[in-house]
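It should be emphasised that the depicted structure is a prediction, and the values quoted were computed from it without experimental measurement.
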Amino acid sequence: MNTLLAAGLLLLFAMPGELYKIPPHEEVARMARFVANKCNWASMATISTHEPVQGQPFSNAFSTSDGPVGSGTGVPYMYLTTMEISVQDLKVNPQASLSMSLAQTDFCKNQGYDPQDPLCAHIIFSGSVLEINGTEATFAKKALFSRHPEMVDWPTDHNWFFAKMNITKVWVLDYFGGVKTVTPEDYFKATPYKRHH
């Protein structure tokens, strides 16, 4: 009984990083899901509609969430306003890429990995950004506000809306030997976490 109690207390007080270990680099789809769930923001590149860089790639930072850490869906959700310059680009051309890196977490720092080191895993989503509503928007609100509580107090007159990255291709760099790709089907089938007892 004491052993079971000790195990329960260990799970109760263990940090999420201790419960959920980074997947092996051979499991590419799992790695992509892991990075997407661990990261709280992404760099999104759009095709600019603004002078003097019209028609050129334009990168900007956005808060994201695919759900609670440990039980994400894999879908990157965002809370957007058309007052934002990149969102104005998306209204003309919804195609974009979204990049996330474990350099945003403590993992790479603790391992001594530079953000550009392939071992500091990062992913790039290709696809389009779509506005969502109904039950999916309700889920996105919970997913985002739980990880970004400041959003609750953002100005209501900015006409915020919920959106998601509709993923058509996943690119993963988490080891030496070049970038690897994952289909959306394999990405969403993957389980990012395996509990280690």
Visitor: Is there side-chain contact between K38 and I22, with heavy atoms separated by less than 4.5 Å?
Guide: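 They are not in side-chain contact.
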
Visitor: Quick one: closest heavy-atom pair of I132 and A140, and the distance?
Guide: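 Here I132 and A140 meet closest at CD1-CB, 3.7 Å.
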
Visitor: Side chains of N159 and T81: do they bring a donor and an acceptor to under 3.5 Å?
Guide: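 There is no such pair between these side chains.
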
Visitor: For the pair N40 (side chain) and S63 (backbone), establish whether a donor and an acceptor sit closer than 3.5 Å, ignoring hydrogens and angles.
Guide: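 Flag not set: sc N40 to bb S63 has no pair under 3.5 Å.
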
Visitor: Hey, does K169 have a side-chain heavy atom less than 4.5 Å from the side chain of T181?
Guide: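 Heavy-atom side-chain distance check passes, below 4.5 Å.
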
Visitor: Is W160 linked to F62 within one hydrophobic cluster, defined over Ile, Leu, Val, Met, Phe, Trp and Tyr using a side-chain heavy-atom separation of less than 4.5 Å?
Guide: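 Both belong to a single hydrophobic cluster.
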
Visitor: Any heavy-atom pair between the side chains of V87 and F161 that's under 4.5 Å?
Guide: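 With C-beta onward as the side chain, the pair touches.
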
Visitor: Do any N or O atoms from the side chain of R33 and from the backbone of G72 form a donor-acceptor pair under 3.5 angstrom?
Guide: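 Checked: pair present.
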
Visitor: Do M31 and V182 have side chains that approach each other closer than 4.5 Å (heavy atoms only, starting at C-beta)?
Guide: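 Side-chain contact under 4.5 Å: no.
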
Visitor: Which is it for F139 and F162 under the ring pair (Phe, Tyr, Trp, His ring centres under 6.0 Å) test, yes or no, and what are the steps along the way?
Guide: CA-CA 10 Å; F139 176 84; F162 295 97; over 10 Å; no

Visitor: Do the rings of Y79 and W154 sit parallel, tilted or perpendicular, given the 30° and 60° boundaries?
Guide: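 Aromatic pair Y79/W154 classed parallel.
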
Visitor: Quick one: does N37's side chain have a donor or acceptor within less than 3.5 Å of a partner on G74's backbone?
Guide: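 Such a contact is absent between N37 side chain and G74 backbone.
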
Visitor: Any side-chain donor paired with an acceptor under 3.5 Å for N60 and E84?
Guide: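 Short answer, yes.
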
Visitor: Using the side-chain hydrogen bond (donor to acceptor under 3.5 Å, both in side chains) rule, take T73 and D66 through it: C-alpha gap first, then chi angles, then the decisive distance, then the call.
Guide: CA-CA 5 Å; T73 62; D66 77 334; 4.9 Å; no

Visitor: For the residue pair I124 and V179, establish whether any side-chain heavy-atom pair is separated by less than 4.5 Å.
Guide: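 Result no, sub-4.5 Å side-chain heavy-atom pair not found.
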
Visitor: Is any side-chain heavy atom of Q88 closer than 4.5 Å to a side-chain heavy atom of V92?
Guide: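 Q88 vs V92: side chains apart.
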
